Amino acid sequence: VSISQVKIMPYEEIGLHRDAYPQIVVALQGGVITRLESDGSKVDVNFPTGQAVSRDVDPIDQLHKSVNNSPNPVELIIIQL
């Protein structure tokens, strides 16, 4: 188990990566993060403040970028299992 806290600032983009472990994400300050998939598609992922969101492992060949397209920071606790 790995636990980390991240703060994604307004309009910040996290570079190309894959989620290699199942995750439980709890938003301290919620918002919507846009996943820019390597195939060009976009998926909005909502992280409501104070709620836990379960995220599955990404396939080995599926990379994405994460972008906070809002004027507010999103602060998350990420628990990787």
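Note that the structure is predicted; figures quoted are calculated from it, not measured.
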Chemist: Compare all side-chain heavy atoms of V26 with those of Q51 and state whether any distance is below 4.5 angstrom.
Modeler: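 No, every pair of side-chain atoms sits at 4.5 Å or beyond.
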
Chemist: Do the side chains of H17 and H64 get nearer than 4.5 Å, heavy atoms only?
Modeler: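 Side-chain contact under 4.5 Å: yes.
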
Chemist: Identify the heavy atoms of G15 and K65 that sit nearest to each other, and give their distance.
Modeler: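 Scanning both residues, the minimum pair turns out to be C-CG, 4.0 Å.
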
Chemist: I33 and S66: which non-hydrogen atoms are nearest, and at how many Å?
Modeler: CG2-CB, 3.7 Å

Chemist: Does the side-chain contact (heavy atoms from CB on, under 4.5 Å) test come out yes or no for E37 and Q62, once each step is laid out?
Modeler: CA-CA 7 Å; E37 305 293 343; Q62 185 177 342; 3.2 Å; yes

Chemist: Measure the CZ-CD1 distance between R35 and I14 for me, rounded to the nearest 0.5 Å.
Modeler: 11.5 Å

Chemist: Treat each ILVMFWY residue as a node, draw an edge where side-chain heavy atoms are under 4.5 Å apart, and state whether V6 and M9 are in one component.
Modeler: no

Chemist: Give the minimum heavy-atom separation between P71 and P10, together with the two atoms involved.
Modeler: O-CG, 3.3 Å

Chemist: Name the one of D56, V57, I79 that satisfies side chain to side chain contact (heavy atoms under 4.5 Å, CB included) with P22?
Modeler: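 Only one option passes, and that is V57.
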
Chemist: Count I, L, V, M, F, W, Y as connected when their side-chain heavy atoms are under 4.5 Å apart, and connections chain through other members. Are L81 and V53 then in the same cluster?
Modeler: no

Chemist: What distance do Q5 atom CD and I78 atom CD1 have between them, rounded to the nearest 0.5 Å?
Modeler: 10.0 Å

Chemist: Could you tell me which non-hydrogen atom of R18 sits nearest to which non-hydrogen atom of P59, and how far apart they are?
Modeler: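 Heavy-atom minimum between the residues: NE-O, 3.2 Å.
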
Chemist: CD of Q23 to CG of D58: how many Å apart, nearest 0.5 Å?
Modeler: 8.0 Å

Chemist: Report yes or no: do L36 and V32 belong to one cluster of Ile/Leu/Val/Met/Phe/Trp/Tyr joined by side chain heavy-atom distances under 4.5 Å?
Modeler: no

Chemist: Check whether I24 and L28 end up in the same hydrophobic cluster, where Ile, Leu, Val, Met, Phe, Trp and Tyr are linked by side-chain heavy atoms less than 4.5 Å apart.
Modeler: yes

Chemist: Do L16 and I60 share a hydrophobic cluster (ILVMFWY, side-chain heavy atoms under 4.5 Å, transitive)?
Modeler: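 No; I60 is not reachable from L16 via cluster members.
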
Chemist: Between N68 and I8, what is the shortest heavy-atom contact and its length?
Modeler: ND2-O, 3.0 Å

Chemist: Can you tell if the side chain of V74 reaches within under 4.5 Å of the side chain of N72, non-hydrogen atoms only?
Modeler: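 With C-beta onward as the side chain, the pair stays apart.
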
Chemist: Side chains of D39 and S41: donor-acceptor distance under 3.5 Å anywhere?
Modeler: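 On atom types as modelled, these side chains qualify, holding a pair under 3.5 Å.
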
Chemist: How many angstroms lie between OG in S4 and CD1 in I77, if you round to the nearest 0.5 Å?
Modeler: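 Those atoms lie 7.5 Å apart.
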
Chemist: Is the shortest side-chain heavy-atom distance between V45 and R55 below 4.5 Å?
Modeler: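 Yes; the side chains approach each other to less than 4.5 Å.
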
Chemist: Indicate the atoms forming the closest heavy-atom contact of P48 with A27, along with that distance.
Modeler: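 For P48 versus A27, the nearest heavy atoms are O-CB, 3.5 Å.
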
